[in-house]
Amino acid sequence: MAVEKMKLDVWNGDWGLPSIDPHCLAVLAYCKFSGVPIEVTQTGNPWRSPTGTLPVLRNQDVVCTKVTDIFSYLRKEHWGSDFELSTKQSADVIAFSAMLEEKLLPALLHLWWMDDKTFVDVTRPWYSRVIPFPLNFFLPRRTQKKAEMRVTLTKGNEFITDVETEAKVYREAKECLNILSYKLGTKNYMFGNLPSSLDALVFGYLAPLLKAPLPNNQLQNHLKQCDNLVAMCNEILTSFFPANVKVYEEQMRKEEAEKKSSGSNVDHAEFPNRRRNMILAAIFALTAMVGYALSSGMIEVQVFDEEKPKGLKSVNSSKKSSGGGAAFEKSNPMFEGHREPGGE
């Protein structure tokens, strides 16, 4: 008898991820680790959920919308990846899960929803694109308000400024990443060679931070320095979500080829015009320089009439009118320093 598949609604994926939402990613990874038979529906409409949030798991009359509730329900149905853990390891799962919620989540919320650069360049365009009209006009803003309220809780008191709060949440998030990196060490997963629910949670939080095209974010840069955490995220993606990785890589190769092709075509099309524009620009610059030189007096142009001036007869006929020739000599610069012999 075939096992009836459970139904799971999650946020749409991007950047090679099956979903960009940390909670949705954690549930997807846990189901993959456990081999849960599920039918996944990617959506941009959180109103498909009774609580207005994703993910949502449905199985017959059961509906679960929180990550902890989904994990608990799956364990009750004998689906899970934590059955091999010891008592101490199970306690570590609880402790580290609480640390992720307390230390890492506020920084991620601040990054996605309160950092102006990331919100304008990545968050708002992405959600506006995937959320159906007219929900895309107010759902992102509502989510942003919830994120601001959650981050505000980390202040501790009302005298801490927003700048101090931002520094605090990022500092604690980096410390959390360092602890996770130390916990992982050289192992494939947090507790050895088999993934657990803790690995699912860590993957859900870190994979979007690692893969999203963020504009030079300090937390993403810090994560990329934790080589073992990066390797674990990539291992989970390639081992459990190979189809998403393949589609994304093909899409990137196609876009890169189109960029090269379009860039080459543009260069060939603009080459004649570019040469023409350079020639015209040179002519215009030369004309402007000559015009400026003429107007400022740097260059003088003298025009002489080919006909001899009347005064020239007096010069040639010094016997008739020596005074007239002298007057002309004084007024004409061509004759400066020149005197006729005997013309005292």
Side-chain angles (χ1 to χ4, degrees), residues 5-59 63-71 73-74 79 81 97 100-101 104-105 108-109 111-113 118 122-132 135-136 139-140 143 146-147 195 197-214 220 223 229-230 232-249 251-252:
K5 289 186 177 181
M6 304 180 190
K7 300 183 184 301
L8 179 66
D9 294 345
V10 298
W11 278 102
N12 287 336
D14 204 347
W15 317 310
L17 302 175
S19 176
I20 60 96
D21 180 75
H23 295 153
C24 294
L25 268 181
V27 173
L28 284 169
Y30 187 78
C31 291
K32 288 288 187 178
F33 296 165
S34 309
V36 180
I38 56 171
E39 178 182 334
V40 179
T41 300
Q42 292 181 325
T43 179
N45 186 3
W47 283 12
R48 292 172 60 95
S49 167
T51 60
T53 59
L54 296 172
V56 54
L57 179 71
R58 295 182 175 90
N59 186 34
V63 179
C64 301
T65 57
K66 292 183 179 180
V67 175
T68 53
D69 294 342
I70 294 174
F71 284 6
Y73 175 75
L74 293 176
W79 298 103
S81 57
S97 300
L100 290 171
E101 187 80 13
L104 187 56
L105 179 60
L108 294 178
L109 292 175
L111 165 64
W112 289 106
W113 297 101
T118 303
V122 182
T123 309
R124 184 171 61 188
W126 192 91
Y127 280 94
S128 297
R129 184 176 71 251
V130 301
I131 297 176
L135 301 180
N136 56 354
L139 280 183
T143 306
K146 289 183 178 180
S197 59
L198 178 58
D199 296 288
L201 289 172
V202 172
F203 171 74
Y205 281 115
L206 299 189
L209 177 62
L210 178 64
K211 299 297 182 179
L214 302 177
Q220 184 183 61
L223 171 60
L229 294 178
V230 172
M232 188 189 78
C233 290
N234 289 330
E235 173 64 23
I236 292 175
L237 279 173
T238 55
S239 298
F240 296 97
F241 305 99
N244 298 91
V245 176
K246 183 179 180 180
V247 169
Y248 182 68
E249 290 177 348
Q251 179 183 348
M252 290 296 99

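Heads up: numbering here begins at 1 and tracks the sequence.
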Spacing of OG belonging to Ser19 relative to CG belonging to Leu25, to within rounding of 0.5 Å: 5.0 Å

Rounded distance [0.5 Å steps], CG in Asn12 versus OG1 in Thr43: 6.5 Å

Minimum side-chain heavy-atom gap Val10-Leu28 below 4.5 Å: yes

Interatomic distance, Ser239 atom OG to Asn234 atom CG [nearest 0.5 angstrom]: 10.0 Å

Arg124 side chain reached by Trp112 side chain, heavy atoms, under 4.5 Å: no

Audit row: Lys7, Glu39, salt bridge (charged side-chain N to carboxylate O under 4.0 Å, His left out) steps and yes/no: CA-CA 5 Å; Lys7 300 183 184 301; Glu39 178 182 334; 3.3 Å; yes

Pro46 versus Gly44, closest heavy-atom pair with distance: CD-O, 3.4 Å

Shortest non-hydrogen contact from Leu8 toward Pro55: CD1-CB, 4.1 Å

Trp113/Thr118 under side chain to side chain contact (heavy atoms under 4.5 Å, CB included): CA gap, chis, key distance, verdict: CA-CA 8 Å; Trp113 297 101; Thr118 303; over 6 Å; no

Minimal non-hydrogen separation, Asp69 against Cys64, with atom names: O-SG, 4.1 Å

Heavy-atom pair with the smallest gap, counting every atom of Asp21 and Cys24: OD2-N, 3.0 Å

Side-chain H-bond candidate by donor/acceptor type, Thr51 with Ser49, under 3.5 Å: yes

Ile236 side chain near Phe33 side chain, heavy-atom distance below 4.5 Å: yes

Rounded distance (nearest 0.5 Å) linking atom CG of Asn244 with atom OG1 of Thr238: 12.0 Å

Distance-minimising heavy-atom pair for Phe240 and Lys32: O-CE, 3.6 Å

Side chains of Ile20 and Asp14 in contact at under 4.5 Å (non-hydrogen atoms): yes

Within-4.5 Å side-chain heavy-atom neighbours: Gln220 and Leu210: no

Pair Arg58-Asp9, salt bridge (charged side-chain N to carboxylate O under 4.0 Å, His left out): steps then yes or no: CA-CA 9 Å; Arg58 295 182 175 90; Asp9 294 345; 2.8 Å; yes

Verdict with reasoning, Trp11 to Gln42, per side chain to side chain contact (heavy atoms under 4.5 Å, CB included): CA-CA 5 Å; Trp11 278 102; Gln42 292 181 325; over 6 Å; no

Test of ring centre spacing under 6.0 Å for Trp79 and Phe71: no

Verdict with reasoning, Glu101 to Thr68, per side chain to side chain contact (heavy atoms under 4.5 Å, CB included): CA-CA 12 Å; Glu101 187 80 13; Thr68 53; over 6 Å; no

Phe203 and Pro195, any side-chain heavy atoms less than 4.5 Å apart: no

Partner set under salt bridge (Lys or Arg N to Asp or Glu O under 4.0 Å) for Glu249, not counting sequence neighbours: none

Closest heavy-atom pair and its distance - Tyr30, Ser81: CE1-OG, 3.5 Å

Side chain to side chain, Leu108 and Leu209, heavy atoms closer than 4.5 Å: yes

Side chain to side chain contact (heavy atoms under 4.5 Å, CB included) between Leu74 and Leu57, worked out: CA-CA 10 Å; Leu74 293 176; Leu57 179 71; 4.1 Å; yes

Side chain to side chain, Pro50 and Val56, heavy atoms closer than 4.5 Å: yes

